[in-house]
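Below is one structure; the comments refer to it alone.
Note that these values count all heavy atoms, side chains included, but never hydrogens, waters or copies made by symmetry.
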Amino acid sequence: MTAPDREPHEKHRILLIDDEAEFTDLLRLNLQRTGRFEVAVVNDPARALHTAQVFQPDVVLLDIVMPGIDGGDVASSFRADPSLKDTPIILVSALVSNRESGDEELGHSGDKLVLGKPVKLEKLIKAIDQSLAGR
Amino acid sequence: MADPAATTPAHGAPAPANGSVANGQAALAGPAPVRVLLVEDNPGDARLAKEYLAEQAYGLRSSVHWARTLDEATGELSLGETDIVLLDLSLPDCTGLATFAAVHKAAPHLPIIILSGQSDGELALQTVREGAQDHLSKNNLEPELISRAIRYAIERKAIIEQLRATQMLLIQAEKMESLGRLAAGVAHEVKNPLARIQLGLDYLRDGVDPDDPNLPVVYERIESAIVRADAIVREMVNFSSNRSLAASPTSLRQPVDNALMLVDHELKRRGISAHLEIPGDLPLLRIDSSKIEQVLINILLNSVHAIDETGEGHGRIEITAEAGPYRGASLETQDRTARRLRAGDTVVVVTLTDSGTGVAPDKVATVFDPFVTTKPTGVGTGLGLTVSRKIIELHGGTLTLKNREDGRRGACATITLPVDPQPDLAPVAPTPLEPTTPPIERP
């Protein structure tokens, strides 16, 4: 458990890292509306590590294709950080083909879940729950 | 054939020009007579020419329509019932090169033979450089000469038209290859807005609370996603459309912005930034936007590849444009096409400079040769720059590629386009209005 200790009923912290603010806006609103999540957003991948160190998310949703630093670099920087190295990462990318993400099943890339854009909220929350359960 | 208009019978190789030329014998019954439009204001000269043609020398059967003015000539040409034009440049309503330009513009696919007087021999030569098939001195006309000139002019023009159609096919084929390379990136660029629409829908699915303060944001995000996806797909369709060269006054920003939209993903996923320095008051250019876009995409993809080769990431591409007088062909381009630009012509010079590996010294001389490629098999056909240069030449301009001269590593492509080009060989047709696309935010 890498997140700080907290009350059992406390909301799960989700960090969204994607350069498209239009996407993260909508995802944040959807996740907040469930009442189950506290959501932080990073649109500039260069700030991802610092924000994550402060926010200490339970799950990270990470885009792959971003200008400057791509999702792979961000994931590596998290794995190298003692406070984030075990934090589950879900890759959410438009690059993913059907075969990688599966239609109903969730796909995997190494230790990370992979979701292809566009993704339904239901499937996304299922992936978050699976990640939370596996921590 | 790229341009259906190029194949109408009026200017395809007419039957009499085929086969029988070698022995000078034509089957009397078979082929339709060659339809000659004789544009000549002097009745005596016209009468002589008609009588010579009536002799059917060289086996050439013809029917002659006589026009005395440019106005009559263009009216007759608009009917599309002419195979060849015999043109006197001095007419009551137009003289000199302008006469040729007007007739050539009215019927770009027709062969034109200039009938020159004693004093305008040099002028006649100039029309040949501008696209006339031949020139004959009126003082030395003979039946054999005029008939033979007509036959060969029709044949030559037909061959030029065929070559042109083949060039257009090559240009289109190369464009499809570029599209193939861009397809995955464009698909990605469309999936992103689709993802936004999906999440917007998910938000609205469980019922809408009219007091929800987030609703305007959700609606706006869905709508902007649709606009974005539409713009990308539309641009892809526009770009892939198979049109013959159709130039119209266009802002340089149009092909530049469209090209950047299609290569956006290729730049983004490599962390390459694009910087534009295009003055807002640049004169409009008489260009085929989609063809210029093809050239820009080609150069940009080459830059992306060259930046990849450095293995360093975070590359940079600068696009600048500047209007000014033409300063002459640079030494690397001892290219026959450079003659079309004359010193002092107003031109727009577009440069694309990258931070890639540059051009290897032993490749500088051959980069425009067909099938020369430094890319791995499957990445490039080696036709990109060949076709790009051809496209720019068809616009009366020049394209050069060399290494940067500011001491940094990288290549610099320079496109020089005339602001007010001479009448071009290219048929000129109005371009349908291109849908405008929203500006792209550059990193």
Side-chain angles (χ1 to χ4, degrees), chain A residues 14 16 18-35 37 39 41 43-46 61-74 76 90-101 103 114-128, chain B residues 183-209 212-229 232 263-275 312-317 438 440-443:
Chain A
I14 311 291
L16 312 181
D18 191 314
D19 63 305
E20 278 205 45
E22 290 94 340
F23 177 75
T24 51
D25 281 351
L26 288 166
L27 186 49
R28 179 177 54 81
L29 289 176
N30 273 305
L31 292 176
Q32 282 172 343
R33 203 162 69 151
T34 64
F37 305 111
V39 183
V41 171
N43 294 127
D44 174 5
L61 295 181
L62 177 62
D63 186 20
I64 297 175
V65 178
M66 294 181 287
I69 304 175
D70 71 23
D73 297 337
V74 172
S76 303
I90 302 172
L91 294 171
V92 185
S93 174
L95 267 192
V96 180
S97 67
N98 276 347
R99 200 162 51 86
E100 285 166 305
S101 67
D103 196 29
V114 182
L115 297 173
K117 283 182 187 172
V119 58
K120 286 189 176 179
L121 184 67
E122 190 189 348
K123 185 171 170 182
L124 206 129
I125 290 177
K126 188 174 150 198
I128 292 175
Chain B
V186 169
H188 177 268
E189 291 300 298
V190 174
K191 277 181 167 190
N192 272 319
L194 286 180
R196 286 161 12 209
I197 295 167
Q198 175 68 56
L199 286 180
L201 198 63
D202 285 334
Y203 190 87
L204 300 172
R205 178 171 290 132
D206 297 331
V208 176
D209 170 7
D212 181 351
N214 296 320
L215 276 184
V217 174
V218 173
Y219 287 134
E220 193 281 328
R221 294 293 187 267
I222 292 175
E223 189 151 9
S224 70
I226 291 172
V227 169
R228 173 72 183 159
I232 297 166
V263 301
D264 192 41
H265 181 75
E266 305 301 321
L267 301 180
K268 197 164 105 175
R269 76 190 180 99
R270 293 171 174 86
I272 300 170
S273 57
H275 303 264
E312 289 166 15
H314 299 276
R316 183 182 166 93
I317 298 175
I440 324 166
E441 286 171 29
R442 311 303 321 159

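- Looking at every heavy atom in both residues, B:R221 comes nearest to A:L26 through CB-CD1, 3.5 Å.
- Between atom CG of residue B:D212 and atom CZ of residue A:R33 there is a gap of 6.5 Å, rounded to the nearest 0.5 Å.
- Put simply, NE2 on B:H188 and OG on A:S93 are 4.5 Å apart, with the number rounded to the nearest 0.5 Å.
- Remark: side-chain polar atoms of B:D202 are not paired, donor with acceptor, to backbone N or O of A:K120 under 3.5 angstrom.
- At a 4.5 Å heavy-atom cutoff, the contact between B:H314 and chain A is made by side-chain atoms alone.
- The closest side-chain heavy-atom distance from A:K117 to B:L194 is not below 4.5 Å.
- Rounded to the nearest 0.5 angstrom, A:E22 CD and B:L199 CG are separated by 12.5 Å.
- Neither the backbone nor the side chain of A:D63 comes within less than 4.5 Å of any heavy atom of chain B.
- One distance of note links OG1 of A:T34 with CG of B:D206; it measures 11.0 Å at 0.5 Å rounding.
- For A:D25, the part lying near chain B is the side chain, with the backbone staying farther off; criterion is any non-hydrogen pair under 4.5 Å.
- Separation of atoms CG (A:N30) and CD (B:Q198) is listed at 9.5 Å; rounding is to 0.5 Å.
- A salt bridge links B:R196 to A:E20: one of the charged nitrogens lies within less than 4.0 Å of a carboxylate oxygen.
- A:L121 contributes atom CG, which lies 8.5 Å from atom CZ of B:R205 (distance to the nearest 0.5 angstrom).
- The environment of CD in B:E312 is crowded: more than 12 heavy-atom neighbours from other residues, nucleotides or ligands sit within 6.0 Å.
- Qualifying side-chain contact (heavy atoms from CB on, under 4.5 Å) partners for A:D73, counting only residues two or more places apart in sequence or in other chains: A:I69, A:D70.
- A:Q32 is linked by a side-chain contact (heavy atoms from CB on, under 4.5 Å) to A:R28, A:L29, A:V39, counting only residues two or more places apart in sequence or in another chain.
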